[in-house]
Amino acid sequence: MAQVSLRNVSKVFPGGVRSVDRVNLGVENKEFMVLVGPSGCGKSTTLRMIAGLEEISEGDIFIGNKKVNDVPAKDRDIAMVFQNYALYPHMTVFENMSFGLRLRHLPKKEINQRVSEAAEILGIKRLLQRRPKELSGGERQRVAVGRAIVRKPMVFLFDEPLSNLDAKMRVQMRTEIHKLHIRLQTTIIYVTHDQIEAMTMGDRIAVMKDGVLQQCADPIFVYDKPKNKFVAGFIGSPPMNFMNGKITKKEGKIYFDEGKVRVKVVEDMYPKMLPYAGKEVVFGIRSEDIYDKLFVSEAPPENVVRVNCEVYEPMGSEVYLYLNTGKHTFIARVGAHDRPKVNQDMDLVFDMSKVHFFDKDTEETIV
């Protein structure tokens, strides 16, 4: 079984810099786990500690049922795919893919069979006699993945493997790696700073910030129920809109008052919002939960806000509207039929059943 378990794992560099801070994470057998976060959050360092390429400062790492803190990288039964492919330029594709097997002195027949099978899966059989300089970026990435596949490891580790590819090739390779996981039925831990990659590929995603694991769950749960403001703002494209304002109470109803706009909090949220009456909070709403009042048949008047449309950005099937309340700017994502005039006021409807509130001081989710 290829479970991976990190128990209070930390990495402290000289000078006391904590790159990874007491991370607890369990990766199940055959799971596709994505570590995601901004540059410098500690995700690649975490992956390198799992691989044995970086020494652990504190905690324990288990692969299967074996503690591997002191096990050399070559004996951990893992295969790693790097961001820069790490191919030998003087070797052919076949030689690159078979290099690790030859070091292990496997029979020539078995080496040929493993390379042929991997090349077939990845669609690169025709490239086996070429050298890396004769390949495109996407082809080099396939070779790097193929070199990992032929080893038949317990765990695959991917360190931002698509970041050097163009946008179209990234989408294609994203799909290929996802299909590969389904076909091989093996454990994959994948590092990326791209939250779209994380959302579309992972069975679960682990969001990191400043070396600390913020939240780990399936992508839709993280999107719908972020644990804090950082996760809410990092996961989603465009990112969640945030506004500072005060919770007010009037005639038994609770409102969020931003200063220029005021909207009514739905009654289901009252129990958690009542303690914040008279206090500052952070209001969050995703761009797809904002609608043009012209296209809403029954809009509750207390959820209608008047704003100025500063920029209209057509995206094909939808439109991004960059809006201003007079105190805050935010983005609405609406249908392509919606064509408001720039620098004119318009009425929008907030779907208050989809909004989020965060504690202004701790930035933890209230509701």
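Sequential numbering from 1 along the given sequence is applied to the chain's residues.
- Applying the 6.0 Å contact sphere to CZ of Arg183 captures no more than 12 heavy atoms from other residues, nucleotides or ligands.
- Test Gln214, Gln215, Met199, Gln195 against Val222 for side chain to side chain contact (heavy atoms under 4.5 Å, CB included) and you get one pass: Gln215.
- Salt bridge status for Asp218 with Arg204: absent, with no side-chain N to carboxylate O gap under 4.0 Å.
- Here Glu54 pairs with Lys11 in a salt bridge; the nearest charged N to carboxylate O distance falls below 4.0 Å.
- Look at Lys360 and Glu280 and you find no salt bridge, because none of the NZ, NE, NH1 or NH2 atoms lies under 4.0 Å from a carboxylate O.
- Checked for salt-bridge contact, Glu110 and Arg114 meet the test: a charged N lies under 4.0 Å from a carboxylate O.
- Using a 4.0 Å cut-off between charged nitrogen and carboxylate oxygen, Glu364 and Lys227 do not count as a salt-bridge pair.
- Salt bridge annotation for Lys179-Glu176: present, with a cationic side-chain nitrogen under 4.0 angstrom from a carboxylate oxygen.
- Under 4.0 Å is where a charged nitrogen must lie from a carboxylate oxygen, and between Arg262 and Asp257 no such pair does.
- Between the CG atom in Leu47 and the CG atom in Leu53 there is a gap of 8.5 Å [rounded to 0.5 Å].
- Each of Phe283, Phe256, Phe242 was checked for a ring pair (Phe, Tyr, Trp, His ring centres under 6.0 Å) with Phe358, and the lone residue meeting it is Phe242.
- Salt bridge annotation for Glu58-Arg18: present, with a cationic side-chain nitrogen under 4.0 angstrom from a carboxylate oxygen.
- Using modelled atom types and a 3.5 Å distance limit, the side chains of Lys125 and Ser116 yield a donor-acceptor pair.
- For the residue pair Asn308 and Asp345, a side-chain donor N or O sits within less than 3.5 Å of a side-chain acceptor on the partner.
- Thr325 and Glu258 share a donor-acceptor pair across their side chains, judged by distance under 3.5 Å alone.
- Remark: Arg151 is not positioned above the aromatic ring of Phe156, lacking an NZ or CZ atom under 6.0 angstrom from the ring centre and at most 45 degrees off the axis.
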